[in-house]
Amino acid sequence: MAEAPRPKRKREEEEDGAAAHDGAAATEPFPLAELRLRRVLRESARDKAVFLHGEVRGGGGEGTDAVVILEKTPFQEEKVLELLKKHTKLELQMRNDIYSTYHLYPPPELSEIKTTVVYPATEKHLQKYLRQEVRLIRETWEDYKNITLPFIQSQSFSIQWVYNILEKKAEADRIIHENPDPCNGFVLVPDFKWNQNQVCLLLLPWKRSCLSEGNPEEMPLNDSSEAVAKRFGVPGSQLRVYLHYQPSYYHLHVHFTALGYDAPGSSVERAHLLADVIDNLAMDSMYYQKRALTFALRADELLLKKFQEAGRV
């Protein structure tokens, strides 16, 4: 499961400087009231979320794209009684024998909507959240060397936010656990999908090497799982710990989610359990260079077009 070699840091900083805000400098709140809605990129009734493409007009009249994700927050057990008792309006919709349905209108402080903003947003961000048909790719090691790797090396996608976390320029107050070892250390932070009822964490190692180059015994599985168990009382047997392939960004990272949480991206065509990866590499350090990997690509993704041009789809 090889990830791409990392470009030099200086080059990344030069590319990111014009395309993304530095996390430490982004102190002004997003001007939501000034957002002009361009289109709905995608909506999910299952996840109670909508993905919007908006535009913020500058003083000179120029527009800057933004992605705004609105999602209903899960119920919090400690606030359910307050939800039922505190000035809540109940409006009957239908009654049939013992069954009835209502619209319930809670007070504002109990009806928050989690809002995630990507601003400024590039065309890549817009495409990432746009609903598309999906195709499955069966990638051999030769495919990776001849198609995937050259494609990745030709692209640039900002991961400055990762470096901001590792260097504590941003989200330092959100770090849940840290191992400062310069070789095998990591930070554990809440994922953007985090909510207070579900464990949804992201492990970012200091080491930026690709998975195929690492030693299985150096993967921080035990240390990080113990940290999660200690902090949240969730034992390792109730944690889903996995990597993505293809990943959404090319810095080795590990996802931690509670088994009871139906996490986006945990589907079989993308998620690879970290324990299985470690066992596979311990058995054969070249394991992921000898087997094919299956992953999904959206119909408009350039990588899919490269596979099509090569006659592999």
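Since we're looking at a predicted model, the values are computed, not measured.
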Worksheet, complete the sentence: Those residues at least two apart in sequence (or on a different chain) that pass ring pair (Phe, Tyr, Trp, His ring centres under 6.0 Å) with F295 are Y245

Worksheet item: Is there side-chain contact between I147 and R312, with at least one heavy-atom pair below 4.5 Å?
Response: yes

Discussion item. What verdict does the side chain to side chain contact (heavy atoms under 4.5 Å, CB included) test give for L136 and E269, after you've listed the backbone C-alpha separation in whole Å, the side-chain angles of each residue and the deciding distance to 0.1 Å?
Written reply: CA-CA 8 Å; L136 282 179; E269 69 272 12; 3.9 Å; yes

Worksheet item: Is the NZ or CZ atom of K306 positioned over F151's six-membered ring, under 6.0 angstrom from the centre and within 45° of the axis?
Response: no

Discussion item. Counting neighbours of CZ on R39 that are heavy atoms of other residues, nucleotides or ligands and sit closer than 6.0 Å, is the number greater than 12?
Written reply: yes

Discussion item. Could you tell me if the side chain of T257 sits less than 4.5 Å from the side chain of S266, heavy atoms only?
Written reply: no

Discussion item. Taking atom NZ as the centre, does K79 end up with more than 12 heavy-atom neighbours from other residues, nucleotides or ligands that are less than 6.0 angstrom away?
Written reply: no

Fill in: F307 side, atom CZ; L302 side, atom CG - distance, nearest 0.5 Å
13.0 Å

Discussion item. The criterion is ring pair (Phe, Tyr, Trp, His ring centres under 6.0 Å); which residues satisfy it with F30, sequence neighbours excluded?
Written reply: Y119

Discussion item. With heavy-atom distances below 4.5 Å as the criterion, would you say the side chains of L188 and R231 are in contact?
Written reply: no

Practice prompt. With sequence neighbours excluded, tell me which residues meet ring pair (Phe, Tyr, Trp, His ring centres under 6.0 Å) with H177.
Written response: F186

Discussion item. When you compare the side chain of Y163 with that of K169, does any pair of heavy atoms fall below 4.5 Å?
Written reply: no

Practice prompt. Return yes if a side-chain donor-acceptor contact under 3.5 Å exists between T294 and E139, otherwise no.
Written response: no

Worksheet item: Regarding T140 and E142, is there a side-chain donor-to-acceptor distance under 3.5 Å anywhere?
Response: no

Worksheet item: With under 30° as parallel and over 60° as perpendicular, where do the rings of Y249 and H253 fit, or are they tilted in between?
Response: parallel

Item to complete: Check the angle between the aromatic planes of H255 and Y242 and answer parallel, tilted or perpendicular using the 30° and 60° thresholds.
Response: parallel

